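Please read all numbers here as calculations on a predicted model, not as lab measurements.
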2 protein chains.
Amino acid sequence: MSNREANYIKKLRNSGLRPTKQRIKICEALFDRDKTFHFSISDLMKIIKNLHNEKISLATVYNTIHAFQKKGYLKEINLGNENSFYDTNTSLHHHFYDEQTKELIDINSEEVELKKIPTPPSGKKIEDIEVTFKISKNI
Amino acid sequence: MSNREANYIKKLRNSGLRPTKQRIKICEALFDRDKTFHFSISDLMKIIKNLHNEKISLATVYNTIHAFQKKGYLKEINLGNENSFYDTNTSLHHHFYDEQTKELIDINSEEVELKKIPTPPSGKKIEDIEVTFKISKNI
DNA sequence: GACATAGTTTATAATAGTTCTAAACTATAG
DNA sequence: CTATAGTTTAGAACTATTATAAACTATGTC
Ligand SMILES: [Mn+2]
Ligand SMILES: [Mn+2]
Ligand SMILES: [Zn+2]
Ligand SMILES: [Zn+2]
């Protein structure tokens, strides 16, 4: 058993999730990465199919992603409304978004600063702020 | 024929869209308003049903909304990924978003100013910037 | 106004993403 | 080892959206 695998097992147990082989594989697909991973369920299905040539049922992938989201290991992101996207970076952060290529790139919170902030409607307070920079090819 | 109706007919003709009674009704439902309207297709279907007690087929509502979007009279907005939302404010602007009530409120561009902007990836330029202020009830 | 025609509406079927169901399987506590 | 609650799975069901193709209508021409 690899060191990483042991960590996933620990993490799953600590969250009250049984460390099944399916969940460990999904952890590997999602979290064995240098950079933040932005993905749809169908992206993930393809990756799992390639990574291990053993399959995990679609229902299990949905179940697991929802469980991980509930435990705070994933954040849902709102892009085009075709299908759901998830983000392995669960901290508050911003994005570059290329609508042509559908590519999303993380921006750390510190790299964006607001000078002027609008007053929220009465009785409401600002919970968090998310900035999307739509980008496109330079001529 | 009301003054507003005459304007919708003119606007539709100018866009190369025939002013059918369905399209005029949809214009009334969408644009006879003081404030920006943020809506889903099912919201709009309900409004049409109440406004005139005559129905417009779902396919026509989809066709019309897509035609209006193409002509630039509506903008699609990305919220929760259940279904599509549209915005009658097609200018570049920002939003307050209450996730509990699912309420969206417009913020004019001038009411938000950025001090620090991140450098886009090489070969890409920033096309536009959208800021979402997630809000919630005060205590 | 009548006619031809392209544009539009409509019911319905098809598709796609997601959730539900219930039976088989499995991790874990005792 | 056993019992049990949690999990996986195939497939059905559900929902939003798009496609299809026939009926209808706005509009330009005579
Ligand atoms: Mn869409
Ligand atoms: Mn969702
Ligand atoms: Zn991200
Ligand atoms: Zn708006």
Original post:
When you measure from the side chain of A/D43 to the backbone N and O of A/S40, does any donor-acceptor pair fall under 3.5 Å?
Top reply: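 Yes, because the side chain of A/D43 sits within donor-acceptor range (under 3.5 Å) of the backbone of A/S40.
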
Original post:
Ignoring hydrogens and geometry, is there a side-chain-to-backbone donor-acceptor pair from B/H94 to B/I107 under 3.5 Å?
Top reply: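 Checked: no pair found.
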
Nearest whole angstrom, please: distance from the [atom2] of [N] to the [atom1] of [X].
X: A/N63; N: C/dA22; atom1: CG; atom2: P; value: 16 Å
X: B/K70; N: C/dT8; atom1: NZ; atom2: P; value: 11 Å
X: B/I65; N: D/dT17; atom1: CD1; atom2: P; value: 11 Å
X: B/L44; N: D/dA16; atom1: CG; atom2: P; value: 14 Å
X: B/I26; N: C/dT9; atom1: CD1; atom2: P; value: 7 Å
X: A/K71; N: D/dT7; atom1: NZ; atom2: C1'; value: 14 Å
X: B/K25; N: C/dT9; atom1: NZ; atom2: C1'; value: 13 Å
X: B/K21; N: C/dT9; atom1: NZ; atom2: P; value: 9 Å

**OP:** Answer with base, sugar-phosphate or nothing: what part of the nucleic acid does A/T20 contact at a heavy-atom distance below 4.0 Å?
**Re:**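 Touches sugar-phosphate only.
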
Subject >> Sidechain N-carboxylate O distance under 4.0 Å for B/R4, B/E28 >> reply: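 Salt bridge flag = no for B/E28 with B/R4.
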
**OP:** Could you tell me which non-hydrogen atom of A/I129 sits nearest to which non-hydrogen atom of A/L92, and how far apart they are?
**Re:**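 Closest approach of A/I129 to A/L92, heavy atoms only: O-CD1, 4.0 Å.
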
Every protein N/O within reach of nucleotides 11-17 of chain C N/O, cut-off under 3.5 Å:
unit_1	atom_1	unit_2	atom_2	d
C/dA11	OP2	B/K55	NZ	3.3

N/O-N/O pairs, protein side and nucleotides 2-6 of chain C side, under 3.5 Å:
none

Subject >> Set of residues satisfying salt bridge (charged side-chain N to carboxylate O under 4.0 Å, His left out) with respect to B/R18, sequence neighbours excluded >> reply: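 Residues passing salt bridge (charged side-chain N to carboxylate O under 4.0 Å, His left out) with B/R18: none at all.
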
**OP:** Not counting sequence neighbours, list each pair that qualifies as a ring-ring contact (aromatic ring centres under 6.0 Å, His included) and has a residue in residues 106-129 of chain B.
**Re:**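 Pairs touching residues 106-129 of chain B that pass the test: none.
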
Original post:
Please, which pairs that meet ring-ring contact (aromatic ring centres under 6.0 Å, His included) have at least one residue in residues 113-139 of chain B, sequence neighbours excluded?
Top reply: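 Listed by first then second residue: B/F96-B/F133.
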
**OP:** Using a cut-off of strictly less than 4.0 Å, decide whether A/H66 has a side-chain nitrogen or oxygen near OP1 or OP2 of C/dT19.
**Re:**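 For A/H66, the contact criterion (side-chain N or O under 4.0 Å from OP1 or OP2 of C/dT19) is met.
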
Subject >> Position toward the 5' end of DNA chain C (nearest nucleotide), A/R13 or B/Q22 >> reply: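 Upstream on the strand: B/Q22.
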
**OP:** Using the side-chain hydrogen bond (donor to acceptor under 3.5 Å, both in side chains) rule, collect all pairs that involve residues 102-112 of chain A, keeping only residues at least two apart or in two chains.
**Re:**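 Counting only pairs at least two positions apart or across chains, the side-chain hydrogen bond (donor to acceptor under 3.5 Å, both in side chains) contacts touching residues 102-112 of chain A are A/T36-A/D106, A/H38-A/D106, A/N89-A/D106, A/H93-A/D106, A/H95-A/D106.
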
Original post:
Got B/F37 and B/L74 here, is their nearest side-chain heavy-atom distance under 4.5 Å?
Top reply: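 Answer no - side chains too far apart.
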
